[in-house]
Amino acid sequence: MKFLETPTRNLFFTGKGGVGKTSMACASAVQLADRGLRVLLVSTDPASNLDEVLGTTLGSEPTPIESVPNLFALNLDPEAAATQYRERMVGPYRGVLPDAAVRSIEEQFSGSCTLEIAAFDEFAKLLGDKQSTTDFDHVIFDTAPTGHTLRLLTLPSAWSGYIENNTTGTSCLGPLAGLQAQTLIYKQTVDALADASLTTLVLVTRPETSAFREAARTSDELQNLGVNNQHLIVNGVFTTDSEDDKIAKAMQQRGDQAIAEIPDSIAKLERTMVPLTWNGLMGVGSLREVGRPSSIGDCGVDDLASIDSYPDGLGSLIDELAATGHGVILAMGKGGVGKTTVAAGVAVALAECGFDVHLSTTDPAAHLATTIAAEELTGLSVGRIDPAEETAAYTAEVMRTAGGDLDAEGKALLEEDLRSPCTEEIAVFRAFAKAVSEGTNRFVVLDTAPTGHTILLLDSALAYHREVTRQASGMPESVENLLPRLRDPALTRVLVVTLPEATPVHEAAKLQQDLRRAEIEPFAWVINQSLVPLGVSDPTLRRRQHHELPFIEEVKSTLATRVALVPWQSEPPTGLAGLRRIVAADSSLTR
């Protein structure tokens with residue numbers, strides 16, 4: 001862990017979902033605290049699992065970690081922050097303005113932008129206001145997945161420009177006076193991020209081509225923001241001594257090849273290589289060992305033949321999914337669990353059954369084009385909900401409808417409002433709703449954003465209703481009927497995608513709870529990249545197999561009514577041939 005030899009005060013961990021940001025952030029925090037340094041560990045991820053990794057229940061205030069003197073941790077709660085922010089902004093008007101006016105102001109704070117800016121307020125206090133963390137030697141940020149993080153980092157500039165240029169005094173965030181009061185802290189936050197003597201940006205990735213590509217994109221965009229002090233962690237590097245284990249040799253070969261072809265922009269960064277561990281990094285003891293030499297020794301595990309049974313493959317779900325002849329299939333789950341691959345595999349299987357299928361993504365970090373490669377399949381179309389394109393189209397529509405009868409000054413004011421970062425959120429939401437509506441006459445398979453984004457998207461339906469109505473002349477039918485469609489089990493089937501590990505399974509369980517609160521019942525769970533069905537002899541992989549078993553059993557026995565198990569693939573599941581491999585031939589439609 002070279003970056004810990006002379007660490008800066010702030011360490012900022014980011015990367016594609018599922019690469020191990022939380023594990024690396026926690027390991028760094030524990031190892032610094034063990035030196036006697038006072039450390040504050042902060043999660044800005046709505047789907048944080050710091051509590052589970054550290055074995056301590058956390059809140060929004062620094063909580064001491066009993067097993068690690070000098071270490072404190074907290075979770076920034078976006079919902080709580082938004083509630084406090086709303087009341088701080090609306091409270092002074094209660095009893096002063098008429099009730100109708102107060103309700104109007106409250107509506108302006110109902111969108112997801114309020115949630116985001118409120119969470120950023122809390123983040124900015126910790127990074128931009130030195131007084132708030134003066135008791136600590138180091139502050140470590142375990143951030144949200146890449147798309148969230150980049151938006152979080154660009155917010156100071158985006159909102160500062162919007163505040164400076166907006167002359168109306170109001171926005172989708174309500175009265176701007178509250179935001180202007182924060183501009184100094186926002187500026188200090190940006191300055192702290194760009195100060196190499198204060199902040200190190202730690203890019204966490206895995207030895208996989210797609211993860212390296214995402215890390216390179218993140219690195220470039222952060223450098224454009226002035227964040228140049230970057231360090232690269234390649235997590236989960238696997239090596240084997242087993243000459244007769246074909247799976248182990250293939251796993252090492254895939255990693256070695258990805259590392260050899262690492263993009264130039266991140267190849268030049270100082271690098272830390274962290275070996276693959278057989279167990280999940282849970283508990284302080286395992287975190288202390290990260291980055292240190294270790295030996296597996298004799299694996300000492302029982303023969304896997306003692307397992308009574310494990311779930312069928314992904315193909316076991318295709319018959320039921322195809323039964324209605326149309327509908328919406330959503331692949332949901334924590335970042336990095338393979339939603340793109342599962343969605344693409346299902347889409348290919350349905351298309352090969354003769355159905356009209358559209359495969360699309362709302363995830364800015366997904367690479368569907370790479371997954372499908374350049375091949376064509378009759379009946380399958382592939383697309384992406386592109387935020388820039390959707391925002392441009394939505395802006396043009398609002399100017400044409402709501403702005404059609406306005407004078408020059410009115411149009412100028414409307415254009416100002418549409419330059420708000422909220423506009424992109426609304427535009428993408430509308431595109432998502434439109435894609436879902438198309439499932440009434442064909443199959444639409446959506447590779448959705450990570451859990452936090454997705455639930456925010458679903459829970460924001462009514463808020464978006466209000467926001468779209470405020471700006472546009474009418475409510476699109478697709479938006480108006482989105483929630484009823486998502487709640488209709490005859491139309492929408494949700495596949496909860498996870499990995500056979502503690503954090504992904506427990507995050508998926510939280511997702512299922514949230515979906516059920518929204519009256520959406522998941523159709524099935526898909527456990528991806530499992531070693532259990534494979535014949536391996538390498539000691540590390542053998543131990544990982546047995547480590548998977550209790551999580552597979554937990555899903556089977558307590559969480560899901562239908563379960564499919566997708567084995568780890570020796571070759572990356574790209575192109576039609578690779579996607580066909582992940583759909584096991586246990587469906588009458590795929591034989």
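Looking at Val237 and Pro275, their side chains never come closer than 4.5 Å, going by heavy atoms from C-beta outward. Residues Ile262 and Leu232 form a side-chain contact, since some pair of their non-hydrogen atoms from C-beta on lies under 4.5 Å apart. Considering only heavy atoms from C-beta on, Val436 stays 4.5 Å or farther from Val444 through its side chain. Using a 4.5 Å cut-off on side-chain heavy atoms (C-beta onward), Pro539 and Ser242 make contact. Taking the side chain as every heavy atom from C-beta outward, Glu571 and Arg581 approach each other to under 4.5 Å. The shortest side-chain heavy-atom distance between Arg442 and Glu438 falls under the 4.5 Å cut-off. In this structure the side chain of His358 never reaches within 4.5 angstrom of the side chain of Val445, judged on heavy atoms. Side-chain contact between Cys26 and Asp142 is absent, with no heavy atoms from C-beta onward closer than 4.5 Å.
In this structure, Ala349 and Ile318 approach most closely via the heavy-atom pair CB-CD1, 3.8 Å. Residue Arg493 comes nearest to Phe443 through the heavy atom pair NH2-CE2, 3.9 Å, listed as atom of the first residue, atom of the second, then distance. Of all non-hydrogen atoms in Arg430 and Tyr394, the two that sit nearest each other are NE-CD1, 3.3 Å.
Looking only at distances, a side-chain donor or acceptor of Asn481 sits under 3.5 Å from a matching main-chain atom of Glu477. In this structure, the side chain of Lys21 engages the main chain of Gly15 through a donor-acceptor pair within 3.5 Å. Listed for the His547 side chain is no donor-acceptor partner under 3.5 Å among the backbone atoms of Arg543. Within the 3.5 Å criterion, the main-chain N or O of Pro504 finds a donor-acceptor partner in the side chain of Thr498. Counting only distance, with no hydrogens or angles, the side chain of Asn235 and the backbone of Arg206 share no donor-acceptor pair below 3.5 Å. At distances below 3.5 Å, at least one donor-acceptor pair connects side-chain atoms of Ser437 with backbone N or O atoms of Lys434. When atom types are taken as modelled, the side chain of Gln252 and the backbone of Thr239 share no donor-acceptor pair closer than 3.5 angstrom.
In this structure Arg254 satisfies the side chain to side chain donor-acceptor pair (under 3.5 Å) test with no other residue, sequence neighbours excluded.
Within 6.0 Å of the CD atom in Gln253, the count of heavy atoms belonging to other residues, nucleotides or ligands does not exceed 12. Taking a 6.0 Å sphere around CG of Asn224, one finds it holds more than 12 heavy atoms contributed by other residues, nucleotides or ligands.
Shown are Val505, Ile527, Val337; of these, the side-chain contact (heavy atoms from CB on, under 4.5 Å) with Leu499 is made only by Val337.
Here the OG-CZ distance, from Ser23 to Phe13, works out to 10.5 Å after rounding to the nearest 0.5 Å. We find the OG1-CG distance between Thr341 and Asp447 to be 8.5 Å, quoted to the nearest 0.5 Å. Atom CD of Gln529 and atom CD1 of Ile582 lie 10.0 Å apart (nearest 0.5 Å). To the nearest 0.5 Å, atom CD of residue Glu261 and atom OG1 of residue Thr209 are 6.0 Å apart. Taking CG of Leu486 as the start and CG of Leu515 as the end, the distance is 9.5 Å to the nearest 0.5 Å.
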Between Arg384 and Glu389, does a salt bridge (charged side-chain N to carboxylate O under 4.0 Å, His left out) hold up when you go through it step by step?
CA-CA 10 Å; Arg384 175 173 175 259; Glu389 292 179 7; over 6 Å; no

* Begin with the C-alpha distance, continue with both residues' side-chain angles, and end with the deciding distance and a verdict on salt bridge (charged side-chain N to carboxylate O under 4.0 Å, His left out) for Glu352 and Arg580. => CA-CA 10 Å; Glu352 292 191 321; Arg580 290 183 183 112; 2.5 Å; yes

Problem - Worked check of salt bridge (charged side-chain N to carboxylate O under 4.0 Å, His left out) between Arg544 and Glu548 - result: CA-CA 6 Å; Arg544 281 186 70 87; Glu548 290 180 5; 5.5 Å; no

Exercise for the section: Decide side-chain contact (heavy atoms from CB on, under 4.5 Å) for Leu359 and Val346; before the verdict, give the C-alpha distance in whole Å, the side-chain angles of both, and the deciding distance to 0.1 Å. Expected result: CA-CA 9 Å; Leu359 172 63; Val346 168; over 6 Å; no

Which side-chain N or O atoms in residues 557-566 pair as donor and acceptor under 3.5 Å with protein atoms at least two apart or in another chain?
| from | atom 1 | to | atom 2 | distance (Å) |
| --- | --- | --- | --- | --- |
| Ser557 | OG | Glu553 | O | 2.7 |
| Thr558 | OG1 | Glu554 | O | 2.6 |
| Arg562 | NE | Glu320 | OE1 | 3.2 |
| Arg562 | NE | Glu320 | OE2 | 3.1 |
| Arg562 | NH1 | Phe523 | O | 2.8 |
| Arg562 | NH2 | Glu320 | OE1 | 3.1 |

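Comment: Glu397 does not engage Arg400 in a salt bridge, judged by the lack of any side-chain N to carboxylate O separation of less than 4.0 angstrom.
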